[in-house]
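A short worksheet on the structure shown next.
Quick note: numbers below take in every heavy atom, side chains included, and nothing from hydrogens, waters or symmetry partners. Letters go in sequence order (proteins before strands), and every chain restarts at 1.
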Protein chains: 2
Amino acid sequence: MTVTIKDIAKVAGVSYSTVSKALNNSPLVKEITKRKILKVAAEMGYEPNLAAKQLVRKKTDVIGLMWPTIERIVLATLVTNISKAFETTSYSMILSVDAPETAMDTFKKFQVDGMIVFGESNSITVSTENIPVVIYGVSGKNESAYPIIDANHEASMQKAVQHLVELGHRRIAYIGHLDQEDALQSEKVEGYEKAMKHFKLDENITIINSNGLNWFDGYTATDIMLEQDKRPTAIIGGSYDISGGILRALQEKGVQVPEDISIVSYDNIPQMATMEVPMTCAGVPVDVLAEEIVHSIIERIESDEEIELVKKLSPTLTERESTGPPPEIL
Amino acid sequence: MTVTIKDIAKVAGVSYSTVSKALNNSPLVKEITKRKILKVAAEMGYEPNLAAKQLVRKKTDVIGLMWPTIERIVLATLVTNISKAFETTSYSMILSVDAPETAMDTFKKFQVDGMIVFGESNSITVSTENIPVVIYGVSGKNESAYPIIDANHEASMQKAVQHLVELGHRRIAYIGHLDQEDALQSEKVEGYEKAMKHFKLDENITIINSNGLNWFDGYTATDIMLEQDKRPTAIIGGSYDISGGILRALQEKGVQVPEDISIVSYDNIPQMATMEVPMTCAGVPVDVLAEEIVHSIIERIESDEEIELVKKLSPTLTERESTGPPPEIL
DNA sequence: TTGTATGCGTTATCAA
DNA sequence: TTGATAACGCATACAA
């Protein structure tokens with residue numbers, strides 16, 4: 001038998017409505033009584049019944065996170081961070097890795113107060129009725145009915161290039177996945193080109209297609225790059241995994257990082273610090289991203305006003321040991 | 001306002017207890033009335049209130065999955081499969097990626113009917129009171145208070161070696177991570193050795209330490225292996241990632257698979273079929289594993305009898321294109 | 001075969 | 001400052 005507030009009431013010698021108030025830290029109950037009740041509750045191992053609470057409050061304090069594709073480490077890290085961010089709030093988070101429709105059903109069943117969705121806004125085919133939604137993904141071109149949180153990819157590339165330029169680099173190459181279908185990838189490449197032009201380095205633009213987002217794709221792309229003449233003095237890697245491959249390929253060919261070639265990676269996650277060479281990176285720090293997502297959905301739940309539809313987060317450049325001045329000016 | 005059974009009752013012109021019975025497909029209500037009620041319910045867009053149901057049923061039909069470490073793809077695939085397996089049951093699954101204690105709290109709050117835990121049994125420090133638990137992990141040496149589901153690693157290796165022996169191979173090497181701390185890895189190596197001995201191939205035992213579980217670890221280990229003389233005619237890769245690296249290294253050196261060297265990989269996941277060379281593999285198919293885990297926890301919830309404490313699942317060998325007869329006997 | 005009444009554990013309203 | 005009591009939406013024992 002689980003213990004309820006009525007059980008506590010009996011033991012503490014008060015009415016159960018007083019117990020309820022005490023448990024909710026209501027100012028309507030005397031300090032001494034409150035303390036006594038709290039003590040009894042703890043002793044009896046009381047655990048509130050969420051279902052009962054929900055039945056009267058019409059609120060679950062639970063937010064659902066839809067994560068249909070478990071894959072890349074960056075997203076996994078983001079999920080962990082979001083989960084952590086919720087701990088400081090009054091909300092709990094549940095996760096579904098199912099297809100959007102199934103996940104929606106589960107969330108509806110639990111009557112979550114809000115939803116976070118990873119991916120395209122068009123993945124929400126099911127009607128969300130009045131339940132607040134925040135999307136994390138590419139804001140891109142197409143209109144969305146829901147607020148989107150997105151990193152400012154262009155600004156990330158701008159910062160990456162700027163950092164390298166300030167160190168004295170001019171021949172800065174970009175290695176990443178060139179995929180027309182993937183708006184995120186396109187935005188990164190375009191950001192790189194734009195930044196290079198901004199620094200009048202138009203003729204130094206070098207884009208190498210890794211043909212994929214995995215570790216090995218970066219690895220092979222780098223091999224190809226090294227065979228060409230006029231080797232760049234710096235490389236911008238399109239993702240954590242790709243940069244890992246780039247770094248490894250360079251190491252194997254005896255190319256020193258950063259003495260011979262500097263690397264800046266896209267994505268700003270803690271794992272960057274523990275790579276073979278601690279990696280300088282540009283991107284929205286994953287904890288900031290998580291904090292923003294959590295904040296957004298809660299705000300959307302608790303305030304009636306519509307919040308801005310697209311929120312682009314500003315990236316940070318985190319300098320580590322993979323970047324330094326180019327060899328020429330050493 | 002959401003629609004309740006009372007609303008339906010009014011519209012259908014019956015009492016709400018009749019509605020309740022009809023909705024639960026009770027035989028106590030006439031077929032015609034039932035149909036009518038169901039129709040009205042559908043028209044009104046009725047969605048049952050889980051909280052209310054739970055309050056009287058003392059059951060949530062929800063199972064929590066504790067997954068503290070989002071990392072290797074094998075586990076990600078397993079999670080997806082478990083999630084899918086639940087769809088055919090009356091249960092839903094929620095996922096927590098938090099630390100065990102936090103996850104436990106969340107699950108208790110939701111009053112889940114049962115829990116699936118990935119990892120060591122000793123990760124459950126919090127008292128689970130009477131809530132059923134099933135662990136997926138290495139059964140290993142230490143006693144566990146909870147039932148454990150585990151793959152029979154030894155049998156997997158036995159099947160892998162046997163398959164290669166039947167094809168005519170004798171020089172069969174093993175490339176995997178040799179880690180004293182990791183019971184799973186040890187069991188695989190020991191299984192390989194045991195199998196080799198069983199086939200009187202004691203002197204052909206070749207174990208190469210990849211010093212890690214990642215793609216690249218398999219890649220480097222293979223490079224090292226190829227430099228040695230008396231190259232094996234077959235390799236057993238210790239995991240999906242490692243085998244990917246092995247395959248890539250061989251391809252790069254112009255070694256044909258399976259013409260020059262055959263590969264069998266540990267782990268039995270669908271991704272094996274879509275590798276550069278579709279991979280023959282040995283292990284418990286991930287859908288079987290998922291099915292078993294789901295079945296176990298449900299059984300433990302629904303039946304009072306204690307189920308067996310350790311359940312070792314039998315592996316399957318799935319033959320694909322990475323294995324063939326050794327070059328000598330072609 | 002259908003309807004009435006009760007209770008699940010909690011919050012919230014009102015009275016004491 | 002405390003207590004009694006009515007919801008919340010549903011299942012179910014019991015009455016009709």
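- Heavy atoms from other residues, nucleotides or ligands lying under 6.0 Å from NZ of A:Lys59 number more than 12.
- Nearest nucleotide to the A:Ile5 side chain, out of C:dT10, D:dC10, D:dT1: C:dT10.
- In this structure, NZ of B:Lys6 is placed 12 Å from C1' of C:dT4, rounded to the nearest angstrom.
- We find that CG of B:Asp7 is positioned 11 Å from P of D:dC8, with the value rounded to whole Å.
- Straight-line distance from the CG atom of A:Leu50 to the P atom of C:dT11: 10 Å, rounded to whole Å.
- Applying a 4.0 Å cut-off to non-hydrogen atoms, the residues of residues 15-32 of chain B that approach DNA chain C are B:Ser15, B:Tyr16, B:Ser17, B:Thr18, B:Lys21, B:Leu28, B:Val29, B:Lys30, listed by residue number.
- In this structure, A:Val29 and A:Val14 have side chains that are not in contact, with every pair of non-hydrogen atoms separated by 4.5 Å or more.
- Between the C1' atom of C:dG9 and the CZ atom of B:Phe110 lies a distance of 17 Å, rounded to the nearest Å.
- With C:dG3, C:dG9, C:dC8 as the choices, the nucleotide that has an atom nearest any side-chain atom of B:Val56 turns out to be C:dC8.
- Put simply, the side chain of A:Ile301 reaches to within 4.5 Å of the side chain of A:Tyr91, judged on heavy atoms.
- The nearest whole Å value for the distance from the CD atom in A:Gln54 to the P atom in C:dT11 is 13 Å.
- For C:dG9, the OP1/OP2 oxygens have a side-chain nitrogen or oxygen of B:Lys58 closer than 4.0 Å.
- Within a 6.0 Å radius of NZ in A:Lys39, other residues, nucleotides and ligands contribute 12 heavy atoms or fewer.
- The side chain to side chain contact (heavy atoms under 4.5 Å, CB included) with B:Ile82 is formed by just one residue from the set B:Met93, B:Glu291, B:Glu292; it is B:Met93.
- For the atom pair CG of A:Asp113 and CD of A:Gln54, the computed distance is 8.5 Å after rounding to the nearest 0.5 Å.
- Taking atom NZ of B:Lys36 as the reference point, atom C1' of C:dT2 lies 13 Å away to the nearest angstrom.
- The rotation axes computed at either terminus of the helix from C:dT1-D:dA16 to C:dA16-D:dT1 lie 50° apart, taking five pairs at each end and rounding to 10 degrees.
- Taking atom CD1 on A:Ile37 and atom P on C:dT11, their separation rounds to 13 Å, with Å as the unit.
- If B:Leu55 and B:Gly13 are placed on DNA chain C by their nearest nucleotide, the residue sitting closer to the 5' end is B:Gly13.
- Side-chain atoms of A:Lys21 and A:Lys34, non-hydrogen and from C-beta on, never get closer than 4.5 Å to each other.
- Across all non-hydrogen atoms, the minimal contact from A:Leu313 to A:Ile149 is CD2-CG2, 4.1 Å.
- Atom CG in B:Asn49 sits roughly 6 Å away from atom C1' in D:dG9 (whole-Å rounding).
- Smallest separation of non-hydrogen atoms from A:Val294 and A:Ala85: CG2-CB, 3.7 Å.
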